[in-house]
Amino acid sequence: MTGLFHRNLFSLRSALVPAIAAAIVLCMLPETAQAVSAGLARSDIQVPAWDQVLRVLSLRDYNTRVVVLGTMLLGLAAGLVGSFMLLHKQSLLGDALSHATLPGIGLAFIFGAMAGGSGKSLAWMLIGAVVTGTLGIGFILLVMHYSRLKQDTALGIVLSVFFGAGVAILGIIQKMQTGHAAGLESFIYGKTASMRSQDAWLIAITAAIVAVGCVALLKEFLLICFDQGFARAQGWPVVWMEIVLMTMVTAVTVVGLQAVGLILIVALLIIPPAAARFWTNRLVPMLLISAGIGACSSAVGAGISAVVPNLPSGAMIVIVAAVLFLVSMVFAPARGVLIRSIERVQLNRRISHQHLLRAMYEHAELASGEAGPAAHNAPVPFQKLLRARSWSAKELRRALRAAESEGLLERRGDRAYVLTEQGLADAARLTRNHRLWELYLIHFADVAPSHVDRDAEEVEHILGHDMVEHLERLLPEEARTDRPGKVPASPHLPVADDFANGEGVVRGVSQ
Amino acid sequence: MNWALLDTWIVLAGALCAMSCALLGNFLVLRKMSMMGDAISHAVLPGLAIAFLLTGSRASLPMFIGAALVGVLTAVFTEWVRSFGHVEESASMGVVFTALFAAGLVLIVRAADHVDLDPGCVLYGAIEMTPLDVVSVMGRWVPRAVITLSIVLLVNVAFVALFYKELKISSFDPGLATTLGISSRVMHYLLMTFVAITTVASFEAVGSILVVAMLIVPGAAAHLLTDRMGYMLILSMIIGAASAVLGHIAAVVVPGWFGYSDTNTAGMMAVMVGLFFGVVLLFAPRHGILSKVGHQAALRLRIAREDILGLLYRQEEVYGTSSAASIDFGRLRLATGTGPLLGRLALLDLKRRGDVLTAGPGYTVTEKGRHGARDLVRSHRLWESYLHESLGLDPDHVHSSADRIEHYTAESMRKEIASSLKETERDPHGEEIPGGGKNE
């Protein structure tokens, strides 16, 4: 446990190094200071008038209403299907899929133009997007299942090659005589602000289908996300369920292309579920939270960009979602970083507290020269305690202070400590748990007496009352002690009076 | 098409970019981090924008530094979200790069009020424009992009050459690398730094989409072609360079077939490397789909052939070498459990080899076929005896295992089994094990 904590601290430190280096380099750039102020002055954001904010908030404008409601529904649908993708460990599939739609859009435009229209028929372009998107997924599955390449490579290949093809096709369109390709760019970056009611209706219908599909197939999706082997063994049509899920992802991606563009729809598929995951460990709440975060960030993002001129709404939606993600990651009560590090610190404190008491007890035991509660309670110097374990002086001091304030030890003279009555009882109980587990390992797991200490250390802190009773029943007569206070002899500690210089005479229980 | 100096420069820029990306991309593919290239190339957008807002100019160096820093930060942030948030790696990558990309878009739109900084240009690049931006080198005019990309390629080659062993070990076995004193974390961030530098240096010239394609696809194709790291690096660079050349030609030529003028070169280069990959995926000698399917089909054909021979041989054991031993096609199929097509093919093959003869309505085995069939049946019955005697399986449970393993048993194996058995005359069902005395 402590090791884990240290490792994490270490990784934090080593990860900070590049960040700090980046900051330093940035500061060393010439004229950074003036440039910052100049840059900020240049990028002034017009503060909107209050009545304009109010207009947006109350959705009074028809246009705003369409945009906010449309993106909200899109965020909701993406949050729902994205959750399954996240649990399925296929978050980036949406990325490859959305890039793979571009050639379809371009081809549909060309065919539309050749057929004589302006080429910009939305329905045809969406169909084109679905066709090449599906092709892309098919190719990913082909590469994953029929070659030695892994999922990430398959995704990357499809993403870049299909998008490259799309760019090449757009290049052709730009030089075509008929029609002009101005509208096609919006599929890449989105054109939220100019969303029309028919787009919003399309999104609404898709969102409704997705929501109904998720509710109806909840159990099935749960099964294929968490345990495909079990699902297959139970006779579920796993492949078909995967196809249904992929279809829903494709539908959300394609209708989202129009709204937020093919790069940012990926964000709506990934960020809300990842944020929701911090709040709960259960599927249904996660779905609801994810849909909520998706809808909320879409509405807020679209709202901000409606209020403040010259902020692209697709990007604002993603930024709001990212902020919500950050907040969730730090503060969420179920799996947030803050709560987990607090728990870890508390656990570490408890562990060093228990280690301290046991070290005191073992010292007293050795000093008294026999097992069992020490007859006389000699003060233990700080340095001796420090040598007893591989803990830092700081750690030990903190544990000592905490124990002192709980009335478990008393300070005697210059940095020497003795256990109080209460402390002795606690220490005896902890030592007893430790040794019971050691004895258990020796008797039932055939571990050598010299090797049990480490294993017991990992378990002693989480031994419950029931487990201790169970151990008492299991262990042989010599080791068992009926009086809870009586501590069995250590199977590996020396009898000598100084445990730093002791020879390590093994006084094991009868073998 | 008329090849001009212009085309040479374009192709050279593309090929240089392709080779530098492909070289590093091999390690991304091997480390299962292919999407990192995509993430970094999207995420550098805010770096560009911030550098622009800070300096107020489109000068290359600040832009370069800003973008490269944000590129490295993408890797750092992804690692943070993964380790502190316990978010699965691909999802954390997705969160980080989309958020950064969105931030970059907002910044660029803000900046675009003042000067033209087109996100489209970042995505597709303007490789067609590279020959226009030239610098003088030793009295000759050389496109700036060619110079930059040559330097990047040299730096990348130096990096890989210098850290070849470390990169190789930490890509295949991070645990081993750590025990050997090579920090896989340091290697990871070093690699990410070079990927970021390459990405940034390349996409001004060729656009980020080509960078992503060239990072992943040549490495993936080379991985299917060879099992040796050195060859893989070289092959990937050749594939990258070749698709740059062919991509440019295709960009000029292909649209002409459909009556359009030329198209985006970077996009076409990506398509070309994709085609390369498709060809490799199908036809690679060992890891290609066709070779795998071919091996499987050949194996199935051999098993069907052997099953038919074995059946005919057993029929002869019961009825002797008379016409009564002949079996017609329907019963052959039924008894050996082969499909109609596979059964036909196997019989044709057997007749071609002279192992079976058509006899009346059915087939019988020839002397040559009998010889092979005897070995097969001997393998089968030896295995049955072995499974019964040495593993203690019931006689009525040994058939199916023996039926499968008989096809993979060579003469030396038969000898070894026979020498370990007490009973070599009859199998557990009481049938005679053929060829016992004669073969020894």
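First the proteins, then the strands, lettered A, B, ... as listed; each starts at 1.
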* **NZ (A/Lys89) with more than 12 external heavy atoms under 6.0 Å** =>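 No, not enclosed.
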* Asked: Do you know the tightest heavy-atom contact between A/Ser147 and B/Lys292?
  ->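 Reported closest heavy-atom pair: CA-NZ, 3.7 Å.
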* Least distance between heavy atoms, B/Ala51 atom then B/Gly66 atom ->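 Nearest pair, atom of B/Ala51 first, then B/Gly66: CB-CA, 4.4 Å.
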* For each of A/Gln151, A/Lys150, A/Arg148, tally heavy-atom pairs with chain B at distances under 4.5 Å, and name the one with the top tally. =>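 Most heavy-atom pairs within the cutoff with chain B belong to A/Arg148.
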* To do: Against chain B, work out which of A/Leu159, A/Leu149, A/Val266, A/Leu155 has the most heavy-atom pairs shorter than 4.5 Å and name it.
  =>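 Answer, by heavy-atom pair count under 4.5 Å with chain B: A/Leu149.
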Could you check whether any side-chain heavy atom of [X] comes within less than 4.5 Å of a side-chain heavy atom of [Y], counting everything from C-beta outward?
X	Y	value
A/Leu170	A/Ile173	yes
B/His188	B/Ser184	no
A/Val330	A/Phe278	no
B/Leu210	B/Ser202	no
B/Trp80	A/Val337	no

* Write out, in numerical order, the residues from residues 322-329 of chain A with a heavy atom short of 4.5 Å from a heavy atom in chain B. =>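 Result: A/Ala322, A/Phe325, A/Met329.
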* Does anything in residues 269-277 of chain A get under 4.5 Å of chain B by heavy atoms, and if so which residues? ->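 Against chain B, the residues of residues 269-277 of chain A that fall inside the cut-off (heavy atoms, under 4.5 Å) are A/Ile270, A/Ile271, A/Ala274.
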Highest number of heavy-atom pairs under 4.5 Å with chain A: which of [options]?
options	answer
B/Gly219, B/Ser90, B/Ala221	B/Ser90
B/Val273, B/Val29, B/Thr193	B/Val29
B/Leu215, B/Thr265, B/Val217, B/Leu100	B/Val217
B/Ala270, B/Ala251, B/Ala220, B/Gly274	B/Ala220
B/Val254, B/Val106, B/Val96, B/Leu281	B/Val106
B/Gly247, B/Gly94, B/Ala68, B/Ser92	B/Gly94

* Is there a donor-acceptor pair under 3.5 Å between the side chain of B/Thr178 and the backbone N or O of B/Ser183? ->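 Side chain of B/Thr178 to backbone of B/Ser183: no pair is present.
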* Do any pairs count as a salt bridge (charged side-chain N to carboxylate O under 4.0 Å, His left out) and have a residue in residues 264-288 of chain B, sequence neighbours left out, and if so which ones? ->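 Pairs touching residues 264-288 of chain B that pass the test: B/Asp227-B/Arg286.
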Select one option (side chain, backbone, both, neither) describing which atoms of [X] are under 4.5 Å from chain A's heavy atoms.
X	value
B/Phe77	neither
B/Lys32	both
B/Val211	neither
B/Val87	side chain
B/Met93	side chain

* To do: Can you label the angle between the A/Phe162 ring and the A/Phe139 ring as parallel, tilted or perpendicular, going by 30° and 60°?
  =>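 A/Phe162 and A/Phe139: tilted rings.
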* Any residue meeting salt bridge (Lys or Arg N to Asp or Glu O under 4.0 Å) with A/Arg340, in chain and number order, not counting sequence neighbours ->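 If we apply the salt bridge (Lys or Arg N to Asp or Glu O under 4.0 Å) test to A/Arg340, skipping adjacent residues, there are no hits.
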* Could you walk me through whether A/Tyr146 and B/Val293 pass the side-chain contact (heavy atoms from CB on, under 4.5 Å) test, one step at a time? => CA-CA 9 Å; A/Tyr146 287 94; B/Val293 170; 5.5 Å; no
* Would you check if the distance from the ring center of B/His287 to the ring center of B/His295 is below 6.0 Å? =>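 No, the ring of B/His287 stays outside the 6.0 Å limit from the ring of B/His295, centre to centre.
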* Between A/Ser290 and A/Ser83, do the side chains contain an N or O donor and an N or O acceptor separated by less than 3.5 Å? ->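 Note: A/Ser290 and A/Ser83 side chains meet the donor-acceptor criterion.
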* Under 3.5 Å, is there a donor-acceptor pair linking the side chains of A/Glu343 and A/Ser341? ->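 No - no donor-acceptor pair under 3.5 Å links their side chains.
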